[in-house]
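Chain A is the first sequence line, chain B the second, and so forth, proteins listed ahead of strands; every chain is numbered from 1. Being a predicted model, the structure only gives us computed values, none of them experimental.
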Amino acid sequence: MTDISFATSLRTHQCGALRVEHVGRTVRLGGWVHRARDLGGLVFLDLRDRAGLVQVSFDPATAGADACALAASVGAESVVDVEGVVAERPAAMRNKEMSTGDVEIRATSIRVVGPADTPAIPVARGRSEQLAAEELRLKHRHLDLRRDELQRNLMLRHRLLQRTRRFLSDAGFLEIETPVLTKPTPEGARDYLVPSRVHPGEFYALPQSPQIYKQLLMVSGFDRYFQLARCFRDEDLRADRQPEFTQIDVEASFVTQDDVIDVAEEMMRTLWQEGGSPFPAGRVRRMTYADAMERYGVDRPDLRYGLEIADVTEAFRAVEFPFTATAIAAGGRVRGIRIPGGASLSRKQLDEIDAVGKSAGVRGVLRVKSVNGVVEGAVGKALGDDAASRLGLQDGELGLFVAGEDRITNPALDRIRQDVALRLQLAPEGVNEFVWVVDFPMFERDLESGTLSAMHHPFTSPHPDDVGRLKNEPWTARALAYDLVLNGTELGGGSIRISDPTVQRSIFALLGIDEETAQSRFGFLLEGLRAGAPPHGGIAFGFDRIAMVLAGATSLRDVIAFPKTTAARALFEGAPSPVADGDLEDLHITLESVAE
RNA sequence: GGGGCCGUAGCUCAGUUUGGUUAGAGCACUCGACUGUCACUCGAGAGGUCGCGGGUUCGAGCCCCGUCGGCCCCGCCA
C-alpha cells in the first residue's frame, strides 16, 4: 500500500494510525469521542476516526484544569479537536486489544467542534452488549455506520470495487455507462417506472440490467465492456436481495463460453485475494445443469459436503410398498440421500426433517437405518435380507428417501440435504467450493399452459448441438448459459448471446413474442443485430453478494451504506413518500384513493 | 399474495403462561465523589401514550379483533 498522508489544515494524523514510531511528536487530531473515563483528576477519552481508536489523556498538570473539565464533560459521539504529544505508555498500562495501545496522546488542549446529542443508538458497545434492533439501526444509519463492523465492510467494498475496475481495465475492458432512464421491459422482473413530464402518459423504466445496451456496445465495436451497474427490480425482498443493487456487468466480442469463464474466474480469484478469503487452486470445476439437478436437486449446489442424491428406484420396483408403489407406477422415482453418522439424529429431528420435505411438496420422507448390516422395520421386511445393499447403505448410515416426479422431489431433496448439513454441521469452516454450472436449458415450460419462457433471458444463444431440437422439442434444448456458484449461492451468470437476427426472431417466436411485439419492445436490438453483430457474450455478477460473502455478513444490508428494508422502504431518508398534488399534475398523474 | 417471529424507559431485555396495589433490571443520561483508567469504580437521581386503534371485563402491558412497522421464509426475482 502506498503511504497516504491524511494530514490536513485541521489535523496532523488519523487517530487510529498512531504507533510507537510517532512517540514524541506533537499532533493535532480530530475525531469522535468513543468513550470517556473521568477519574476525578485524570480524564481519558478514546478518540475515534475511520482508522481506529486512540486514547487521549488529560492531566491538569499538562492540559490545565479547564481542558480537563471540558474533556470530562464532553458527550459521547461529539467531535473534538485535540492537541498533544504522542507518548509511549508504561508497560503495565499498554492495551493489547488496541492497535494504538502502546501509545497515548498527552493532551495540551481540547475544543469541542461538533457537539453531539446523546446518540439514539449506542456506537460504543460493550463486549456482551446486544446490537440495537435493525429497524433503529436503519433509522439512525449515520450512527450505525460509525460502528467498526460497518466501517470495515464499506472499506472492503471500496477495495473490491477498485480491484474490479483495475482487473478489468488491465484486461482491456472499457468502462462505459449506460442509461438509468430506459425503456420498460415486460419480460422478467417488475420495472420501477418513472413518469415523463414532457410526454404525457409515457414512462421510463429503471434498468433491471444493462443487457441490451451492452449487446449494442458490442455491435458498435467496443470489443470488451464492463460497468459497475446499478440495477433495479421491483420484486419482494430477502436478506440477499435489495430492490437496487450493483452488478459487475461484463461483455466481450469474438468470444466463446470458455473465454468468458476464463476471464470471470480470474476476476473472482483476484477479488477473493483482495477479500483475504481462500480461493481454490487450479481451475474451478464445472458441472452440467442436468448433473447438478440429478445429484443435488438444484442448479446451485453446495459442494462443501457430500450427501449426493442416489436413485434407489430399482430396489423398490418389484416390491409392494405403499410409500413408493404409486409414485413408481406413475413414472416417478425413489431417490434420497445417505447420511454417514445419521443414526445420531433424534426422532424429533427426523420428524422435523420430514416436515421440511412435506413443506417442499413431497408426501413424506422415508427414514431407513442400517444397523449391523440389517435394515429394520417395514422397509427391511419389504426389501428382504439384502435391503441395506440394495439401498447402498453402509453400516450405521441413515437413508432419507422420497418418491415422486423429479420436479417435486428435486426441490425437496435440495432442502432436506441443506437441512441435514446444517444439523450435522457438515460444511467445514472457511472452505470455498466454487462450481460453474453449465448447459442450462434454453426454456422453462409451464406444464399447464405449455408455454415457454426463457430460463436465462431471451437473447441467450442455443447450444450449437441442440439447434435441431428447437423446432419439435425446444424445451429439451440447452443454452450457452452458465452460472458461477459458491457454497450454494449464485454469484453470477451469463451467456453467449444470439448475434444472428434470424435466430433471435425464431427464439422470440418460441417465446410467444410475435413480430410486432418484438419490434416494439426490442426493435433497437434487432436493428442492431442486422447492422453487423460480432459473436459476443458476457456475464454479470451480483457485486453486493460478493461483498457480503467476503465481509462474512449474513445480510446485504450490512454491505450497503443506505439499504432498503424488506418492504423496500428507506427508513433513514424516509422513501418512498407522498408528493405534492402539483408535482403529480406536472407528471399527468392522478391518484386513485389510497386511503381505503 | 401467503406463513412464522418480534414491538415494554434513549438502548438491550424481564414481566404476558394463570388479567388484579405504585410496570422492573443492566447500559446510556443528570448530579456528586475519585490522579492511570481502558466496558473505570462508587453513591444518588431523573426517565414509561407497554407500536397504534377498537373490543371483552369491575379492572388489560397480559385476553380478542384490526392496523402499522421490523426481521426470516414461500410465491415472485427473464
Legend entry - Beyond-backbone contact of Val549(A) with Leu486(A), side-chain heavy atoms, under 4.5 angstrom: yes
Legend entry - Validation row: Val438(A), Gln257(A) side chains within 4.5 angstrom (heavy atoms): yes
Inset, instruction - Any strand is fair game: report the nucleotide pairing with C5(B) by Watson-Crick or G-U wobble, both distances under 3.5 Å, or none. - result: G70(B)
Legend entry - Arg230(A) (side chain) donor-acceptor with Thr246(A) (main chain) under 3.5 angstrom: no
Inset, instruction - Check RNA chain B against residues 228-243 of chain A and give the residues with a non-hydrogen atom under 4.0 Å, in numerical order. - result: Arg233(A), Glu235(A), Asp236(A), Arg238(A), Ala239(A), Arg241(A)
Legend entry - Stepwise side-chain hydrogen bond (donor to acceptor under 3.5 Å, both in side chains) check, Asp302(A) with Gln418(A): CA-CA 8 Å; Asp302(A) 190 338; Gln418(A) 290 187 54; over 6 Å; no
Inset, instruction - Classify the nucleic acid contact of Ala124(A) as base, sugar-phosphate or nothing, counting any heavy atom under 4.0 Å across all strands shown. - result: nothing
Inset, instruction - Report which part of the nucleic acid Arg557(A) touches: base, sugar-phosphate, or nothing (heavy-atom distance under 4.0 Å, all strands). - result: sugar-phosphate
Inset, instruction - Indicate whether the side chain of Arg469(A) and that of Thr476(A) have a donor and an acceptor atom separated by less than 3.5 Å. - result: yes
Inset, instruction - Mind checking Ala133(A) for me? I need base, sugar-phosphate or nothing, with any heavy atom below 4.0 Å counting as a touch. - result: sugar-phosphate
Inset, instruction - Would you check if there is a donor-acceptor pair between the side chains of Glu83(A) and Thr26(A) at a distance under 3.5 Å? - result: no
Legend entry - Separation of atom CD in Glu352(A) from atom P in C73(B), rounded to whole Å: 18 Å
Inset, instruction - Check every strand shown and say whether Pro122(A) touches a base, only sugar-phosphate, or nothing at a heavy-atom separation below 4.0 Å. - result: sugar-phosphate
Inset, instruction - Using a heavy-atom cut-off of under 4.0 Å over every strand shown, decide if Leu131(A) touches base, sugar-phosphate, or nothing. - result: sugar-phosphate
Legend entry - Ring centroid separation Phe543(A) to Phe245(A) under 6.0 Å: no
Inset, instruction - Tell me what Ser453(A) touches on the nucleic acid: a base, only sugar-phosphate, or nothing, going by heavy atoms under 4.0 Å. - result: nothing
Legend entry - Touch class at under 4.0 angstrom, heavy-atom based, for Leu511(A) against every strand present: nothing
Inset, instruction - Compute whether any side-chain donor of one residue and acceptor of the other, for Ser499(A) and Arg497(A), lie under 3.5 angstrom apart. - result: no
Inset, instruction - Pick base, sugar-phosphate or nothing for Ser209(A), based on heavy-atom distances below 4.0 Å to the nucleic acid. - result: base
Legend entry - Residues from residues 569-577 of chain A lying under 4.0 Å of RNA chain B - heavy atoms: Arg569(A), Leu571(A)
Inset, instruction - In whole angstrom, give the distance that lies between atom CZ of Arg127(A) and atom C1' of A39(B). - result: 6 Å
Inset, instruction - Rounded off to whole Å, could you give me the CZ-to-P distance for the Arg35(A) and U41(B) pair? - result: 10 Å
Inset, instruction - Please state whether the base of C34(B) and the side chain of Asp38(A) form at least one donor-acceptor pair under 3.5 Å? - result: yes
Legend entry - Identified side chain to side chain contact (heavy atoms under 4.5 Å, CB included) counterpart of Asp191(A) within the set Lys183(A), Gln208(A), Arg233(A): Gln208(A)
Legend entry - Donor-acceptor pair under 3.5 Å, Glu104(A) side chain vs G36(B) base: yes
Legend entry - Complementary nucleotide of C77(B), counting Watson-Crick and G-U pairs under 3.5 Å: none
Legend entry - Base C38(B) paired with Asn95(A) side chain (donor-acceptor, <3.5 Å): yes
Inset, instruction - Could you check if a side-chain atom of Arg423(A) sits within less than 4.5 angstrom of a side-chain atom of Glu352(A), using non-hydrogen atoms only? - result: yes
Legend entry - Base-pairing assignment for C38(B) (Watson-Crick or G-U wobble, both under 3.5 Å): none
Inset, instruction - To the nearest Å, give me how far apart CG (Asp191(A)) and P (C76(B)) are. - result: 18 Å
Inset, instruction - Give one of base, sugar-phosphate or nothing for Glu129(A), where a contact means two heavy atoms less than 4.0 Å apart. - result: base
Inset, instruction - May I have all residue pairs that pass salt bridge (Lys or Arg N to Asp or Glu O under 4.0 Å) and include part of residues 43-57 of chain A, sequence neighbours excluded? - result: Arg37(A)-Asp46(A), Arg48(A)-Glu77(A)
Legend entry - Met455(A) CE - C76(B) P separation (whole Å): 13 Å
Inset, instruction - For G47(B), give its Watson-Crick or G-U wobble partner with both distances under 3.5 Å, or none. - result: none
Inset, instruction - Using whole Å, report how far CD of Glu135(A) lies from P of U12(B). - result: 10 Å
Legend entry - Rounded distance in Å - CG (Leu556(A)) to P (C77(B)): 19 Å
Inset, instruction - Would you state whether a donor and an acceptor, one from the side chain of Arg37(A) and one from the base of C34(B), lie under 3.5 Å apart? - result: no
